[in-house]
Q: 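Starting off with a structure, shown below.
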Amino acid sequence: DSSSAAAKSEADGDNKTTDDDDKEDKAAQSLLNKLIRNNLVNNTNQVEVLQKDPNSPLYSVKSFEELRLKPQLLQGVYGMGFNRPSKIQETALPMMLAEPPQNLIAQSQSGTGKTAAFVLAMLSHVDPNNKYPQCLCVSPTYELALQTGKVIEQMGKHYPEVRLVYAIRGNKLQRGMKLQEQIVIGTPGTMLDWCAKFKFIDPKKIKVFVLDEADVMIATQGHQDQSIRIQRMLPKNCQMLLFSATFEETVWNFAQRIVPDPNIIKLKREEETLDTIKQYYVLCNSREEKFQALCNIYGAITIAQAMIFCHTRKTAGWLAGELSREGHQVALLSGEMQVEQRAAVIDRFRDGKEKVLVTTNVCARGIDVEQVSVVINFDLPVDKDGNPDNETYLHRIGRTGRFGKRGLAINMVDSRMSMNILNKIQEHFSKKIEKLDTDDLDEIE
Ligand code: ADP
């Protein structure tokens, strides 16, 4: 509805987010990550494993052959361009494919191969000769369910006997009918209705239950209860699998209610550091002076690609306009854009079609554009109370371990307040941020 959209747009612009926005934001962020990611993230950390039975041997595989997959599935995996299992897949896949199947809780950041792993497990466990649902997979939103559905279709390309149906609002079925598809993927509310109210699915025949994006899931009122109610209808020997990108206490409590006797796998996020980054600040008196300083920097040094962060949509829009008037190829990423549009903008920037990406803080949270060498904070990152947002600062500017290239970060300061924030950020990381004189720029080259 347009009035709430307007309210949201204002909130976004002012960086005041309500809980509702947060939920929407989490799901949108997750979708954005899926849309822009076409390979695995690099991660040099060790996988931590906690086995249900610590005495049982721990298998891990280095190749897909070792998993003895059905030939059609192996073909599907290679057809997707996968050569070997990802780090999390090395241990997760043997557990999920073991006989008898084991329950699993797995946590690792987005882009580490969780979806591909559970899709392979579902496809391995179904019997295509049985024309009834055998695997249920619940996702927090319709769009996320569709993304997982696409992976099932790709991986199952050579296994067409296995069929898939979406349990999402709007997909209305005739009363009294029984589903014949082996895999059902959808949102918790509709899935529960299809099991309990309409009985399109016989939950007693389910062999694998997957709950994806648990952290996004629990942010939505009702999803937790619905998921638990579905889980309670499933047989004792049904395999339960739960995945999450992050693992706060609340997610953990929920996970334990969904997955009895779990094996647990965790892969920590690669830590980011500021060690390979040169950090500067520029002192200005107004927005216009900040823009002028930016132009001076551009005139003095060659910048392959830069990302520029602004606090509000309004500033971002204004700055993008000014920069293109100066002849720069600018892309603008803004909160009112659909997730798909945002993904398209990021893709173009990734491909080098635009050299400058101007974005708001809220919009760019959580996205990684690894090759960008220059990051400019046109406004410093602050949280909703106006305090320095150290985490965002680090994620925006920092690089991860051995993949880290050298980088340059420039912070624009235009008031006593922003100087204060800069000082706090400097203190927090105990790393000096040097003053830069934009009339004399020899030093940064
Ligand atoms: P997650 O669910 O953890 O976000 P995905 O399963 O979506 O991760 O994988 C992230 C990206 O990496 C996807 O583009 C996927 O196709 C790709 N991918 C997954 N597993 C492998 C693999 N073993 N080898 C190469 N690419 C992979």
Side-chain angles (χ1 to χ4, degrees), residues 22-45 47-48 80-82 85-93 104-121 137-152 154-155 185 210-220 223 241-248 250-252 254-255 264-272 333 339-340 342-344 346-347 350 359 362-372 391-392 394-396 398-401 403:
D22 263 2
K23 282 166 209 160
E24 223 175 278
D25 208 51
K26 268 194 171 171
Q29 206 58 255
S30 178
L31 182 62
L32 187 60
N33 265 320
K34 283 191 195 293
L35 292 175
I36 60 178
R37 180 150 291 290
N38 46 23
N39 52 18
L40 292 164
V41 295
N42 289 316
N43 192 313
T44 52
N45 288 330
V47 176
E48 296 168 46
M80 291 176 81
F82 300 178
S86 73
K87 212 164 217 186
I88 195 106
Q89 290 165 358
E90 285 178 2
T91 22
L93 285 171
L104 176 69
I105 295 175
Q107 182 241 326
S108 60
Q109 81 196 82
S110 117
T112 45
K114 299 185 296 297
T115 307
F118 71 69
V119 165
L120 192 53
C137 173
V138 290
S139 287
T141 67
Y142 166 74
E143 291 82 3
L144 287 165
L146 285 185
Q147 289 306 313
T148 304
K150 281 192 187 154
V151 180
I152 299 176
Q154 278 179 294
M155 204 172 272
I185 164 158
V210 178
L211 190 142
D212 193 20
E213 314 237 15
D215 50 352
V216 183
M217 196 75 95
I218 63 163
T220 303
H223 275 174
L241 308 169
L242 179 141
F243 300 85
S244 187
T246 59
F247 238 117
E248 304 90 73
T250 47
V251 181
W252 178 238
F254 174 57
I264 300 163
I265 298 181
K266 287 187 192 179
L267 179 60
K268 283 212 182 74
R269 235 192 132 83
E270 183 113 357
E271 267 186 51
E272 290 160 315
L333 202 62
V339 172
E340 288 78 8
R342 292 190 225 172
I346 295 169
D347 265 350
R350 276 236 167 106
T359 174
V362 176
C363 205
R365 197 187 300 155
I367 63 168
D368 313 289
V369 185
E370 291 100 346
Q371 85 275 25
V372 177
E391 203 186 320
T392 299
L394 177 65
H395 182 59
R396 210 178 260 182
R399 298 297 144 92
T400 56
F403 302 100

Q: So do the side chains of Val251 and Glu248 get within less than 4.5 Å of each other, counting heavy atoms only?
A: yes
Q: Would Met80 and Val151 count as a side chain to side chain contact (heavy atoms under 4.5 Å, CB included) if you check the C-alpha gap in whole Å, the side-chain angles of each, and the deciding distance to 0.1 Å?
A: CA-CA 9 Å; Met80 291 176 81; Val151 180; 4.1 Å; yes
Q: Looking at side-chain heavy atoms only, is the closest gap between Phe82 and Met155 below 4.5 Å?
A: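 The answer is yes, as the side chains (C-beta and beyond) meet within the 4.5 Å cut-off.
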Q: If you measure from CG on Leu146 to NZ on Lys34, what distance do you get to the nearest 0.5 Å?
A: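 If we round to the nearest 0.5 Å, Leu146:CG and Lys34:NZ are 12.0 Å apart.
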Q: Sequence neighbours excluded, which residues qualify as ring-ring contact (aromatic ring centres under 6.0 Å, His included) partners of Tyr142?
A: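 ring-ring contact (aromatic ring centres under 6.0 Å, His included) list for Tyr142, sorted by chain: empty.
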Q: Mark yes or no for whether Ser86, through its side chain, and Thr112, through its backbone, hold a donor-acceptor pair below 3.5 Å.
A: yes
Q: What I'd like to find out is whether the side chain of Gln154 reaches to under 4.5 Å of the side chain of Val119, using heavy atoms alone.
A: no
Q: Is any side-chain heavy atom of Trp252 less than 4.5 Å from a side-chain heavy atom of Ile264?
A: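 In short, these two side chains touch, coming nearer than 4.5 Å.
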Q: Main chain of Ala106, side chain of Lys114: is a donor-acceptor contact present, judged purely on distance under 3.5 Å?
A: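 Checked: no pair found.
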Q: Can any side-chain N or O of Asn45 pair as donor or acceptor with the backbone N or O of Arg269 at less than 3.5 Å?
A: yes
Q: Under 4.5 Å between any side-chain heavy atoms of Thr141 and Leu31, yes or no?
A: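 They are not in contact (no side-chain heavy atoms under 4.5 Å apart), so the answer is no.
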Q: When you look at Gln89 and Leu120, which way does the side chain to side chain contact (heavy atoms under 4.5 Å, CB included) test go after all the steps?
A: CA-CA 10 Å; Gln89 290 165 358; Leu120 192 53; over 6 Å; no
Q: Taking Lys87 for its side chain and Asn42 for its backbone only, find out whether a donor-acceptor pair lies under 3.5 Å.
A: no
Q: In sequence, state the C-alpha distance, the side-chain angles, and the governing distance for Lys26 and Gln29, and then conclude on side chain to side chain contact (heavy atoms under 4.5 Å, CB included).
A: CA-CA 5 Å; Lys26 268 194 171 171; Gln29 206 58 255; 5.7 Å; no
Q: Using modelled atom types and a 3.5 Å cut-off, is there a donor and acceptor pairing between side-chain atoms of Asp215 and backbone atoms of Thr246?
A: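 A pair under 3.5 Å: yes.
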Q: Just wondering, do Asn43 and Ile88 contact through their side chains at under 4.5 Å, heavy atoms?
A: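 The answer is no, as the side chains (C-beta and beyond) never meet within the 4.5 Å cut-off.
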Q: To check you understand the geometry: which heavy-atom pair defines the closest contact between Ala214 and Leu242, and what is its length?
A: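 The pair with the smallest heavy-atom distance is CB-CD2, 3.8 Å.
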Q: Salt bridge check: are Lys268 and Glu48 linked by an N-O gap of less than 4.0 Å?
A: yes
Q: Quick one about Glu213 and Ser139 (side-chain donor to acceptor, distance below 3.5 Å, no hydrogens or angles considered), yes or no?
A: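 No.
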Q: Is there a side-chain contact between Asp212 and Leu144, using heavy atoms and a 4.5 Å cut-off?
A: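 Side-chain contact under 4.5 Å: no.
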Q: With sequence neighbours left out, what residues match Leu394 under side-chain contact (heavy atoms from CB on, under 4.5 Å)?
A: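 For Leu394 the side-chain contact (heavy atoms from CB on, under 4.5 Å) partners, ignoring immediate neighbours, are Glu272, Leu274, Phe429.
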Q: Looking at side-chain heavy atoms only, is the closest gap between Leu211 and Met217 below 4.5 Å?
A: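 Yes - at least one pair of side-chain heavy atoms lies under 4.5 Å apart.
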Q: Please report the interatomic distance CD1(Ile185) to CD1(Ile152), rounded to the nearest 0.5 Å.
A: 4.5 Å
Q: Does Glu270 use its side chain to pair, donor to acceptor, with the backbone of Thr44 at less than 3.5 Å?
A: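 At least one qualifying donor-acceptor pair exists.
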Q: Closest approach of Val41 and Ser110, non-hydrogen atoms and distance?
A: CG1-O, 3.7 Å
Q: For Leu35 and Ala343, which heavy atoms make the closest approach, and how far apart are they?
A: CB-CB, 3.7 Å
